[in-house]
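Here the structure comes first, spelled out in structure tokens, and everything after it is commentary.
When a residue number appears, it is its place in the shown sequence, counting from 1. Computed from heavy atoms alone, side chains included, the values below leave out hydrogens, waters and symmetry copies. Only a predicted model underlies this, so the values are computations on that prediction, with no experimental measurement involved.
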Amino acid sequence: MKTLILSLSMLISLPAAAAPLEPLTAGDIPALLKPPVRGVRVIELWALYCTYCETNLRAVAELGATGEDVQAVTVNTDRNVPEEAILKRLRSARATGVPARAYAGTSVQRLNYLIDPHWGGELPYTVVIHADGTRRSASGTLTEERLRALVETRGH
């Protein structure tokens, strides 16, 4: 009985588990791209093979945790990889507190096009959608300054 009580008290003291990984299909993309009511939505697209993506995942997670009207979401673009591999990378990047999506359903190229018809599929890729509907996007590694500029600058 003492062991059970100790185990339960340890579970209660642990931080809440990360939200489950949600699939992202072509039908889900309009809602993902809808401007937020206020602030910005930052969408970080990444893949397991991308060595630079972890830096961006961490930066977006840190920005999302600031509470400055930032809705962050990560989107894994790999196909047919175990969910645990994706979650392991998110844990490594300390990005488990951010809603996480993973491509599902149709072709990668189709989903890429629906997210941004001007995007060539290079990773990492960051899309910032402002409440007024303006969008900014950037390929490559984010510095804190570059991410702040995407969030604060209006227009495309």
Side-chain angles (χ1 to χ4, degrees), residues 14-79 81 83 85-156:
L14 291 175
L21 184 65
E22 296 289 329
L24 181 69
T25 65
D28 299 322
I29 291 178
L32 179 69
L33 299 179
K34 184 178 177 184
V37 174
R38 66 176 192 270
V40 296
R41 179 172 300 119
V42 180
I43 304 166
E44 187 59 39
L45 295 120
W46 67 283
L48 291 172
Y49 66 83
C50 172
T51 57
Y52 301 105
C53 289
E54 194 161 322
T55 300
N56 286 23
L57 290 169
R58 187 171 292 121
V60 168
E62 289 171 358
L63 182 65
T66 64
E68 297 176 4
D69 289 335
V70 177
Q71 300 172 11
V73 63
T74 65
V75 178
N76 177 270
T77 62
D78 291 303
R79 294 282 301 181
V81 298
E83 181 175 330
I86 295 170
L87 295 174
K88 181 179 178 182
R89 177 63 70 85
L90 290 171
R91 282 190 296 273
S92 175
R94 296 187 304 263
T96 56
V98 176
R101 308 294 300 264
Y103 275 13
T106 189
S107 76
V108 168
Q109 292 81 9
R110 174 78 175 135
L111 294 172
N112 289 354
Y113 179 82
L114 291 172
I115 289 171
D116 185 343
H118 304 289
W119 176 33
E122 67 281 356
L123 295 170
Y125 192 70
T126 309
V127 178
V128 177
I129 304 167
H130 294 263
D132 66 6
T134 59
R135 288 176 54 163
R136 299 276 307 179
S137 56
S139 296
T141 305
L142 294 172
T143 61
E144 183 179 337
E145 296 78 26
R146 189 172 185 209
L147 182 55
R148 285 278 175 196
L150 285 170
V151 168
E152 293 171 1
T153 304
R154 306 292 180 177
H156 194 105

Exercise. Which pair of heavy atoms, one from Pro30 and one from Ala26, lies closest together, and at what distance?
Worked result: CD-O, 3.5 Å
Exercise. Considering residues at least two apart in sequence or located in another chain, which fulfil the side-chain contact (heavy atoms from CB on, under 4.5 Å) criterion with Asp78?
Worked result: Ala47, Leu48, Tyr49, Asn76, Val81
Exercise. For residues 87-106, which residue pairs qualify under salt bridge (Lys or Arg N to Asp or Glu O under 4.0 Å), counting only residues two or more places apart or in two chains?
Worked result: Asp28-Arg101, Glu54-Arg89, Glu84-Arg91
Problem set entry | Rounded distance [0.5 Å steps], CG in Leu111 versus CH2 in Trp119 | 9.0 Å
For this session: Kindly give the heavy-atom pair with the smallest separation between Val60 and Ala72, and that separation in Å.
Result: CG1-CB, 3.6 Å
Exercise. Taking the side chain as C-beta and beyond, is there a heavy-atom pair between Pro35 and Asp132 under 4.5 Å?
Worked result: no
For this session: Report the residues that fulfil side-chain contact (heavy atoms from CB on, under 4.5 Å) with Ala95, sequence neighbours left out, ordered by chain and then residue number.
Result: Leu57, Ala61, Leu90, Ala93
Problem set entry | Residues that Thr77 engages under side-chain hydrogen bond (donor to acceptor under 3.5 Å, both in side chains), provided they are two or more places apart | none
For this session: Just grab all the disulfide bond (SG atoms under 2.5 Å apart) pairs involving residues 33-69, residues at least two apart or on different chains.
Result: Cys50-Cys53
Exercise. What's the spacing between Ile115 CD1 and Arg135 CZ if we round to 0.5 Å?
Worked result: 8.5 Å
For this session: Could you tell me which residues satisfy side-chain hydrogen bond (donor to acceptor under 3.5 Å, both in side chains) with Ser139, sequence neighbours excluded, listed by chain and number?
Result: Glu122
Exercise. Taking atom types as modelled, is there a side-chain donor on Glu44 or Thr126 under 3.5 Å from an acceptor on the other?
Worked result: yes
Seminar exercise, completed: Output for pair (Ile29 CD1, Tyr113 OH), nearest 0.5 Å, gives 12.0 Å
Seminar exercise, completed: Sorted by chain and number, sequence neighbours left out, salt bridge (Lys or Arg N to Asp or Glu O under 4.0 Å) with Arg41 holds for none
Exercise. Do the side chain of Arg148 and the main chain of Thr143 share a donor and acceptor less than 3.5 angstrom apart?
Worked result: no
Exercise. Tyr125: what forms a side-chain hydrogen bond (donor to acceptor under 3.5 Å, both in side chains) with it, not counting sequence neighbours?
Worked result: Asp116, Ser137
Exercise. Looking at residues at least two apart in the chain, or sitting in another chain, which of them share a side-chain contact (heavy atoms from CB on, under 4.5 Å) with Ala65?
Worked result: none
For this session: Check whether any side-chain heavy atom of Val40 lies under 4.5 Å from a side-chain heavy atom of Asp69, and answer yes or no.
Result: no
Seminar exercise, completed: In terms of heavy-atom contacts, Arg146 and Thr141 come closest through NH1-O, 3.0 Å
For this session: To the nearest 0.5 angstrom, please state how far the CZ atom of Arg136 sits from the CD atom of Glu152.
Result: 11.5 Å
Exercise. Where is the tightest heavy-atom contact between Ala59 and Leu147, given as atom of each residue plus distance?
Worked result: O-CD2, 3.7 Å
Exercise. With side chains defined as the heavy atoms from C-beta onward, is the minimum distance between Thr55 and Trp46 less than 4.5 Å?
Worked result: no
Exercise. How would you list all residue pairs meeting salt bridge (Lys or Arg N to Asp or Glu O under 4.0 Å) that involve residues 103-112, not counting sequence neighbours?
Worked result: none
For this session: Indicate yes or no: at least one non-hydrogen side-chain atom of Leu33 is less than 4.5 angstrom from one of Leu114.
Result: no
